[in-house]
A.B. asks: 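Structure provided below as structure tokens; questions to follow.
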2 protein chains.
Amino acid sequence: MDKISVCIVEDEPELLKLFSQIIESSPDLSCYLAVDNCENALKNMADFCPDVVLMDINLPGMNGIEGTRKVKSLCPNCDIIMLTIQEENDYVFDSLCAGASGYLLKDSSPNKILQAIIEVKSGGSPMSPSIARKVIKSFHPAINNPLSDRELEVLKKLTQGQNYNTIANSLFISGNTVKAHIKNIYRKLEVNSRASAVEKAIHKRLI
Amino acid sequence: MDKISVCIVEDEPELLKLFSQIIESSPDLSCYLAVDNCENALKNMADFCPDVVLMDINLPGMNGIEGTRKVKSLCPNCDIIMLTIQEENDYVFDSLCAGASGYLLKDSSPNKILQAIIEVKSGGSPMSPSIARKVIKSFHPAINNPLSDRELEVLKKLTQGQNYNTIANSLFISGNTVKAHIKNIYRKLEVNSRASAVEKAIHKRLI
DNA sequence: TGTTAAATACCCCAAATGGGTAATTAGCTA
DNA sequence: TAGCTAATTACCCATTTGGGGTATTTAACA
């Protein structure tokens, strides 16, 4: 089997050098490209798609999240591992939504980085433990759910696009009562339309 | 520091025995409870909350997903690791939504299982590689997005609860045009209301 | 015991929504 | 070149929605 070809995008020269040395130290990996910005990486990738990209986030010019989006549209089969000090939620989730398949913090050991590259190519998604927990937590139910059980029932049906009367019939209550519940839901979620109620309910994991 | 107390819920006697032996073989862990159904686990947990629960999914009586929900409401600080052969998407995501913090397949090595218990207590979320990929994939953008760029713009504003005219003003087009776009969005997403459009857009990762 | 929240039900009304039809322009493809 | 789709605009009309009220019953709670 061929070596796994890796591209590194990292603007700190020492780190770029360190990472490429780590890659080249493995008999299974080959550092195909080591650049300090996304623009150069993309230019080279038009001709050849590497197997894996290690991507920093804070970069001069295009940032690593936008870069990830662009790499994925250019090379859909390329697996991207974020390798960054950024561990704020926004960075993590924006990266994943842009198409990243892994997320390592820069304090990861050389061995972890090598393992991660192998793992991502074997169909896994290597993440630093704290990142994995953030991701998993995003599925956990809301801790401060202000809605009553009945309101939650109504909210679920709202989400399915049902109107006052359909909801009323399925819950065996009057349309006016449904309306009253929806008013209370809006007040508690601080919204004033079905669309934003659904959006908020999903993102707060209420349903 | 005290040993990490572990509870195992597993209905196959050989596996239950094997897992408890693995736990007891570690100087840092203690198998506090080993039972073959959730009902018994919950009965015991009313008095004492273990640090970690290893939870099977296929169980006689209450299944492991419902069990996870119940354990979390009884012991919010307890970390639950699913340990199961089930790797269908529904099982994975339902487990996480029920409150699980890790998900291992039963073919994991004893060493992986021990590592996972330590890791989950250190604030990580241990997952088998294929499970991690499923989770990460759920954040990736839709591959078959049927909407045009303009329709996506409108959809985003729909999601924010904006009405025809507000959307029209922010896009510098007429309200009638917005309406036409929304009609096309509804047709393509096969929905007929803002609420279900928002629901579908979020779950298909269109926005 | 008084208070509060939840669930139920009703009223009115202005505004927003969804469905139908139709036309023009521009760009892309077979 | 003919045909298709996307984007834009416009109109009509019935239904739905959201905001403003008010009121009763029940259960929980301090």
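Quick note: numbers below take in every heavy atom, side chains included, and nothing from hydrogens, waters or symmetry partners. The shown structure was predicted, so the numbers you read here are calculated from the model rather than taken from an experiment. Chain A is the first sequence line, chain B the second, and so forth, proteins listed ahead of strands; every chain is numbered from 1.
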A.B. asks: Can you check whether A:N176 has a side-chain N or O nearer than 4.0 Å to OP1 or OP2 of C:dC10?
C.D. replies: yes

A.B. asks: What is the distance, rounded to the nearest whole Å, between atom CD1 of B:I185 and atom C1' of C:dT17?
C.D. replies: 14 Å

A.B. asks: Ignoring backbone atoms, establish whether B:S174 has a side-chain N or O less than 4.0 Å from OP1 or OP2 of D:dA10.
C.D. replies: yes

A.B. asks: Report yes or no: do A:N40 and A:K43 form a side-chain donor-acceptor pair below 3.5 Å?
C.D. replies: yes

A.B. asks: So does A:H181 get a side-chain nitrogen or oxygen closer than 4.0 Å to the phosphate oxygens (OP1/OP2) of C:dA6?
C.D. replies: no

A.B. asks: Rounded to the Å, how far apart are A:D149 CG and D:dT26 P?
C.D. replies: 20 Å

A.B. asks: So for atom NZ, which belongs to B:K112, do other residues, nucleotides or ligands contribute more than 12 heavy atoms lying within a distance under 6.0 Å?
C.D. replies: no

A.B. asks: Considering just the side-chain nitrogens and oxygens of A:R194, establish if one lies under 4.0 Å of OP1 or OP2 belonging to D:dT16.
C.D. replies: no

A.B. asks: Looking for any heavy atom pair under 4.0 Å, which part of the strands does B:S148 touch: base, sugar-phosphate only, or nothing?
C.D. replies: sugar-phosphate

A.B. asks: Let me spell it out: for each of B:P146 and B:V178, pick the nucleotide of DNA chain D with the closest heavy atom. Which residue's pick is nearer the 5' end?
C.D. replies: B:P146

A.B. asks: Check whether B:F172 forms a cation-pi arrangement with B:R150 (NZ or CZ under 6.0 Å from the six-membered ring centre, at most 45° off the ring normal).
C.D. replies: no

A.B. asks: In whole angstroms, how far is the P atom of C:dG19 from the OH atom of B:Y186?
C.D. replies: 7 Å

A.B. asks: In whole Å, I'd like the distance from the CG atom of A:N165 to the C1' atom of D:dT16.
C.D. replies: 9 Å

A.B. asks: Hey, is the side chain of B:K183 pairing donor to acceptor with the base of C:dG20 inside 3.5 Å?
C.D. replies: yes

A.B. asks: Tell me if the side-chain of A:K179 makes a donor-acceptor pair with the base of D:dG18, cut-off 3.5 Å, by modelled atom types.
C.D. replies: yes

A.B. asks: Strictly by modelled atom types, are B:N163 and B:T166 linked by a side-chain donor-acceptor pair under 3.5 Å?
C.D. replies: yes

A.B. asks: Quickly work out the B:Y164 OH to D:dT9 P distance and round it to whole Å.
C.D. replies: 15 Å

A.B. asks: If I take atom CD in residue A:E151 and atom C1' in nucleotide C:dT8, what distance separates them, rounded to the nearest angstrom?
C.D. replies: 13 Å

A.B. asks: B:N163 has an atom CG; how far is it from atom P of C:dT17, in whole Å?
C.D. replies: 5 Å

A.B. asks: Count the heavy atoms belonging to other residues, nucleotides or ligands that lie under 6.0 Å from NZ of B:K156, then report whether that count exceeds 12.
C.D. replies: no

A.B. asks: Within this structure, what is the CD1-to-C1' distance between A:I182 and D:dT17, rounded to whole angstrom?
C.D. replies: 9 Å

A.B. asks: Can you tell me which nucleotide in C:dG18, C:dA9, D:dA6 comes closest to the side chain of A:A180?
C.D. replies: C:dA9

